[in-house]
Number of protein chains: 2
Amino acid sequence: MKKHNFSAGPSILPQEVIMKSSEAVLDFNNDGLSILEISHRSKAFIDVMEKARSLALELMGLEGKGYKALFLQGGASTQFLMVAMNLLEKRAGYLNTGTWSSKAIKEAKKLDDIYEVASSKEANFNYIPKEYDIPSDYDYFHCTSNNTIFGTQLKSFPKCEIPMVCDMSSDIFSRQLDYSQFGLIYAGAQKNMGPAGTTLVVVKEDILGKVSRNIPSIMDYKVHIENGSMFNTPPVFAVYTSMLTLEWLKNLGGLKGIEDLNEKKARLMYSEIDLNPLFKGFAAKEDRSFMNATFTLENENLKETFETMLKEAGISGLNGHRSVGGYRASMYNALPIESVKALVEVMSELESKA
Amino acid sequence: MKKHNFSAGPSILPQEVIMKSSEAVLDFNNDGLSILEISHRSKAFIDVMEKARSLALELMGLEGKGYKALFLQGGASTQFLMVAMNLLEKRAGYLNTGTWSSKAIKEAKKLDDIYEVASSKEANFNYIPKEYDIPSDYDYFHCTSNNTIFGTQLKSFPKCEIPMVCDMSSDIFSRQLDYSQFGLIYAGAQKNMGPAGTTLVVVKEDILGKVSRNIPSIMDYKVHIENGSMFNTPPVFAVYTSMLTLEWLKNLGGLKGIEDLNEKKARLMYSEIDLNPLFKGFAAKEDRSFMNATFTLENENLKETFETMLKEAGISGLNGHRSVGGYRASMYNALPIESVKALVEVMSELESKA
Ligand SMILES: Cc1ncc(COP(=O)(O)O)c(C=O)c1O
Ligand SMILES: Cc1ncc(COP(=O)(O)O)c(C=O)c1O
Ligand SMILES: [Mg+2]
Ligand SMILES: [Mg+2]
Ligand SMILES: [Mg+2]
Ligand SMILES: [Mg+2]
């Protein structure tokens, strides 16, 4: 039986994508070869790459606005470095909202001067700071739209005169936004977009080429753009499966369609957390993530019972991160509302037992 | 019908690996989840990663000799940079035997001083230079064991007092060698080891930690070693499929078993190239690659006929690289000898027609 998969990442993908992707491993396009053994320079794969790149821009409403989409390797962690290598000349401002922001800051600091415009570290990152200035003479401003570990999410973004760079690893393609407010967006695929092994970068071309650093080719966004995201061998299978996921998303009604669904799931989840006296939410209410709901079970004695019930209901991946403890329900795009219903049912059953 | 796949990379994988891997996309370990949607921190995946890492060392006879195996992202092209970042303090020596060596040199030069100990560029890289000195006060010596594009291969390696670094992207796990002569070996998976999307690095730990550079975390071999090759989310599916391929190789008799097979295939191929008056080998005979046989059809008028015959025989991926022209038969580990027989048959049939 298929499980209810609340894993924080790598995480659930649409079942139809999984089936198509499995089929392509056996035989891609009925052409007598596996997707794993075709040349990345074949027309068949170039078509896949181009489709993935254009779907990414289309879903974000960024077509014809000077943006390019790239499917790279190395994870979002490589972007912590690449962003600074490509954009940092003197000084950049970072908003520190969690573990991943902190890591982005740490890596950029190895290259040059970084200023934390604000941080919620003093409260174990349970809220999003809102009052801060972004000096207009900085090279760029960096933020993390969704904090996977702590379960907070930026509901709006600051007005910003300099390029705004955003790590959207855990809420990419989950909601409608004015994406043209960003100069650069990056996201590891393994939450909302595909399997682990590829990272989407969407960048406004005119913010590039402004640093004096001699950028290594593999780290240079311009090099990847010039080579159509095939400067070297791309992660073929991960790009293909991401393309299938983006197609699925488009057929679902794009970001409007998925946003409605994600809102319904999040409402259901948080209303149970709030109304059920056994559970308590971790994040400040107005900053709650629609992707990762973090909560604790107030009565430690019920832990074992709760976890046995979860297991019996086929619910997996609910363990919280050690920085927060408790539980984390990751409700990415592909998670059906039925899975949230199953979880909420277990929670309320626990209440009636207790 | 399954094709005879001579693609230079990404390239053929064992059919049993393809089948297992396709099955794992549907359901991994009969556990109700796809390999694409499980956490990389799950025990099931940690086991896969550890097995892949230990199989790599075991096949090379490097267990207990101070080496560590890593499965990273970014392709061999990222290693051009990482090698220099981790090992280059003052000066390193590079052997230039082709396009990929040249690219490795270009990237390392961005960081510091590089000296070409020898080059066969003047002869369009059709042979391997053999007489050169490697100064013992350099940081390391870098070579490319197999030149994918030109079809040459180092049959032996120089005596070297400094760490020898080798790009084995296109002949990794294809033959028996004293692997302990190398300080660092790297290889993109997409030829002999698995699908595109992961890169094997095998490094002797005691050569690390000697440069003064502040290495970015994601570029630091020591960081990856400390984190068990999971500093960030690894490319789960590519690592799993590589592990399956290494298991297949072990069951085949390891490097001894595959070397015998690869020799048989190469002999068959080159003897046809030599004996058939219509074809001519590109590389110097003593340096011929057992992986990539490069050759030309002497009579241009027969090109169309030859290519139609290839197509009819279900032979794919035989086009030569533009730097060499003609044809390239890539005969990686997973290519059955039957495929070479099919190709040789077409070549001799062409002779009888001509
Ligand atoms: C917001 C965010 N940024 C960055 C990362 C790191 O991604 P990767 O493991 O692909 O480097 C994660 C991983 O969970 C994340 O959630
Ligand atoms: C010998 C050699 N080195 C390096 C590379 C580059 O590998 P990647 O595309 O994974 O960066 C290749 C690719 O064909 C190769 O054959
Ligand atoms: Mg976080
Ligand atoms: Mg409550
Ligand atoms: Mg070459
Ligand atoms: Mg001949």
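All chains are named by letter (A, B, ...) in the order of the sequence lines, taking the proteins before the strands, and each is independently numbered beginning at 1. Keep in mind it's a predicted model, so treat the numbers as computed, not measured.
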Heavy-atom contact with chain B under 4.5 Å, split by part of [X]:
| X | value |
| --- | --- |
| Thr241(A) | side chain |
| Lys103(A) | neither |
| Met82(A) | neither |
| Ile35(A) | neither |

Heavy-atom closest contact ([X] atom, [Y] atom, distance):
| X | Y | answer |
| --- | --- | --- |
| Lys110(B) | Ile215(A) | NZ-O, 2.9 Å |
| Ser217(A) | Lys106(B) | OG-NZ, 3.9 Å |
| Thr198(A) | Gln73(B) | N-OE1, 4.5 Å |
| Met219(A) | Leu81(B) | CG-CD2, 3.8 Å |
| Ser77(A) | Ile218(B) | CB-CD1, 3.8 Å |

Check each atom of Ser42(B) against the heavy atoms of chain A and say whether the ones under 4.5 Å are side chain, backbone, both or neither.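 It is neither, since no heavy atom gets under 4.5 Å.
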Part of Ser7(B) within contact of chain A (heavy atom distance under 4.5 Å):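 The side chain, not the backbone.
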Residue selection (most heavy-atom pairs with chain A, distance under 4.5 Å) from Arg41(B), Glu107(B), Gln15(B), Gln190(B):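 Heavy-atom pair counts peak at Glu107(B).
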So which of Pro195(B), Gly317(B), Gly74(B) has the biggest tally of heavy-atom pairs under 4.5 Å with chain A?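 The answer is Gly74(B).
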Look at [options] and state which one has the largest set of heavy-atom pairs under 4.5 Å with chain B.
| options | answer |
| --- | --- |
| Ala84(A), Gly188(A), Gly32(A) | Gly32(A) |
| Ser34(A), Pro216(A), Gly75(A) | Pro216(A) |
| Ala24(A), Ala196(A), Ser11(A) | Ser11(A) |

Option among Leu36(B), Leu33(B), Val236(B) that satisfies the side chain to side chain contact (heavy atoms under 4.5 Å, CB included) test with Pro10(A):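 Only match with Pro10(A) under side chain to side chain contact (heavy atoms under 4.5 Å, CB included): Val236(B).
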Does Phe237(A) reach the side chain of Val25(B), with side-chain heavy atoms less than 4.5 Å apart?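 Yes. Closest side-chain heavy atoms under 4.5 Å.
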Is the closest basic N to carboxylate O distance between Asp31(A) and Lys3(B) below 4.0 Å?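 A salt bridge links Asp31(A) with Lys3(B).
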Start with the C-alpha distance between Ile18(A) and Glu37(B), add both sets of side-chain angles, then the distance that settles side chain to side chain contact (heavy atoms under 4.5 Å, CB included), and finish with yes or no. CA-CA 9 Å; Ile18(A) 286 173; Glu37(B) 51 177 3; 3.8 Å; yes
Would you give the length of the straight line joining atom CG of Asn214(A) to atom NZ of Lys109(B), rounded to the nearest 0.5 angstrom?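 So the gap between those two atoms works out to 12.5 Å.
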Around Lys311(B), counting heavy atoms of other residues, nucleotides and ligands shown, do more than 12 lie under 6.0 Å from its NZ?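 No, not enclosed.
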